[in-house]
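Each ligand, and each atom within it, is numbered from 1 in the order the structure gives. For reference, positions follow the sequence shown, starting with 1.
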Amino acid sequence: MKFDPIVPRFPCILHGGDYNPDQWRATKEIWLEDMRLARLARINTLSVGIFAWAALEPEEGRFDFSWLDEVMDLMAENGIAAVLATPSGARPAWLSRKYPEVLRVNEDRRRILHGVRHNHCYTSPVYREKVKNINTKLAERYKDHPALAVWHISNEYGGECHCELCQEAFRKWLKKRYGSLDALNAAWWTAFWSHTYTDWSQIESPSSIGEVSVHGLTLDWKRFVTEQTADFMKAEMEPLRRLTPNVPCTANMMGLYDGLNYYRLSEEMDIASWDNYPIWRSDESDADTALLTSMVHDMNRRLKDGRPFMLMESSPSATNWQPVGKLRRPGLHELQSIQAVAHGSDTVQYFQFRKSRGSYEKFHGAVVDHVGTEHTRVFREVAGTGETLEKLDAIVGTSKPSDVAIIYDVENRWALEICQGFKHNKNYIGTLKEHYAPFWKSGISVDIIDSTKELSGYKLVIAPMLYMLRPGMAEKIEDFVKRGGTFVATYMTGYVDEHDLCFLGGFPGPLRKVLGIWCEELDSLFDEERRHVEWNGTRYEARDFCEIVHAEGAKIIGTYCEDFYASYPALTVNNFGEGEAYFVAARLDEQFQDDFFGMLIDKLGITGAIKGSLPYGCTAQMRTDGEDCFVFVMNFTPEQKSIDIGDGGKSMVSGEEIKGSITLPPWGFDIYIKRNKEE
Ligand code: GLA
Ligand code: ZN
């Protein structure tokens, strides 16, 4: 299947990044130089205006678009597409001074002073009006501008505001959700510690100086923060949608940031986009960093159900806010860029094009350094990347089908994080990664989805630690298995409902039937403790969690080796309808993950991007237009690696036919076309 290009008049991989000409208005010759350098770096898109509010509206109601007119014209003349931002990510000082309600109130109920960025109130009617006003002016002015390609809504929405306006909006949202205080008290189990509410006005957002013990409240507050942010974003987009209905809108997200539920937020966008800042160490650990990065790409691809996403930001060199701003080893920059495309991005964009001269980010990696020329190593690497990307037009809009899905549910993550019990650090993300690893290492594509997404269509659905079952989820899983799907659940599954109320009548609650088990108790281990599980004649190491389970129809295929639960089931499978539901009762080691999922991969006939096995630190990923396949082989290690690509195909990088055993240099890659189309 093939999607339309993000910008139909640019049917190529978009290559570019954040560009801040507003910081260089006094030296316009630099703008001209920027255009020359951008073209040299094979950059075809720049994101402008992200933090330009003070330059666009220097005083309330006095607008100055003249500089942006010039910049947009320059971009158009140079064939560069504009990802044009709304400026709400940071506001001018006059606005905060005149209307203090736009300033956020922190959870400790202190109102902030003006400063920094990303810290406005999402409810404030004044802020909404001011944002709508400037967004309307931007849309009116540039709606027919040849450079305008994509709307970049605000910047990295995040955080929360606890001001009175937000408290009132929260109460209103709760009234709509629950209808009555009785229903709310019941859902939140407020009889506990005498926390019953008798008037809506008593309800306050969670706070370190107030309420944190009512988990239903905490969860609903987090949901509200996402809804309020989505609502703010919709208000921002209203004039853009009205005046430029054909220009797609996106808001750049932050990967695994969990202050917002991105699955929900992205419903309001046309395209998903995210900012990727892995901490590459340029050593053996890069393999692990790459694995996690791939997983996050796979999540972003699914936010809009498989439509190519945008890699909106990445650093072409050091990242100044990381504890150690290590330089990228030659090749790593291009590899990280290609990795995004391999997983479904149709763009490679940076923060930032030109290093700023002063303030906070002056030492953050950029395409153009303070020296101001193209004669730098980083510039050459960026230009080289651009050159490669120019060969990938055929990949634009292609999809990345997967037989396997792993459930990453943000609401479940919130519930696990606030859960008082078992072991404080539940390590949900680490657990997801451990389940993703066997597939990444075998070059098998995985979709990272949440509980709201469709399951039918997958051969294998894995739900690590699905502690909270949102409404309808259990039915969806039952239905999936009944129709022939294979489902894998783990310890700590099916404990609570959407309000964080425990299921009565035995865990895993509504999944008890499909899994054919009852989980009686969960043993949490101290960090240094180990238990063992035997499956298929092999002993595997268990750590952190061992659930004590009884089979109720499921077949026991693995058992515990020691402790008072020796010989109890540790691995079960239940035949249910046409499918099978597995339960893994303990947190097991890497060898188990590889063997167990290896068994399922074989059994279900799931295939990877290449046939053979991959060496350590390498993966293969594939995109397809429905006929031809584009295979990416990547080496995330500092050593040269050989990969057997079998019949191979034509390399899109070198233009040569490649097959059999190929050698990838340290941080090297290749991309080849497996032709299925008649020529
Ligand atoms: C974020 C922001 C950018 C910039 C980069 C630096 O992703 O969106 O404005 O601050 O971080 O890494
Ligand atoms: Zn507020």
*Calculate the angle formed at the Zn ion (ligand 2) by SG in Cys161 and SG in Cys166; 10° precision is enough.*
110°
*Are the side chains of Leu56 and Trp67 in touch, meaning some heavy atoms are under 4.5 Å apart?*
yes
*asked:* Does any part of the side chain of Pro308, heavy atoms only, come nearer than 4.5 Å to the side chain of Val396, both counted from C-beta?
replied: no
*Given Met253, Met254, Glu313, His364, which one has a non-hydrogen atom that is nearest to atom 7 (O) of ligand 1?*
Glu313
Any N or O of [X] that comes nearer than 3.5 Å to an N or O of ligand 1?
X	answer
Glu156	yes
Asn320	no
Asn155	yes

*Shortest protein heavy-atom distance from atom 9 (O) of ligand 1, along with the residue and atom involved*: Arg117 NH1, 2.9 Å
Using a heavy-atom cut-off of under 4.0 Å, does the side chain or the backbone of [X] touch ligand 1, or both, or neither?
X	value
Gln352	neither
Met312	neither
Glu361	side chain

Between the side chains of [Y] and [X], is the shortest nitrogen-to-carboxylate-oxygen separation below 4.0 Å, so that they form an ion pair?
X	Y	answer
Glu129	Lys132	no
Glu164	Arg171	yes
Glu168	Lys172	no
Lys28	Glu70	yes
Asp270	Arg241	yes

*Is the shortest distance from a heavy atom of Tyr360 to ligand 1 less than 4.0 Å?*
no
*asked:* Assess the residue pair Trp221 and His162 against the criterion (ring pair (Phe, Tyr, Trp, His ring centres under 6.0 Å)); give the C-alpha distance rounded to whole Å, side-chain angles, the decisive distance to 0.1 Å, and a yes or no.
replied: CA-CA 10 Å; Trp221 169 253; His162 298 256; 4.8 Å; yes
*Of all the atoms in ligand 1, which lie at a distance below 4.0 Å from a heavy atom belonging to Trp321?*
6 (C), 12 (O)
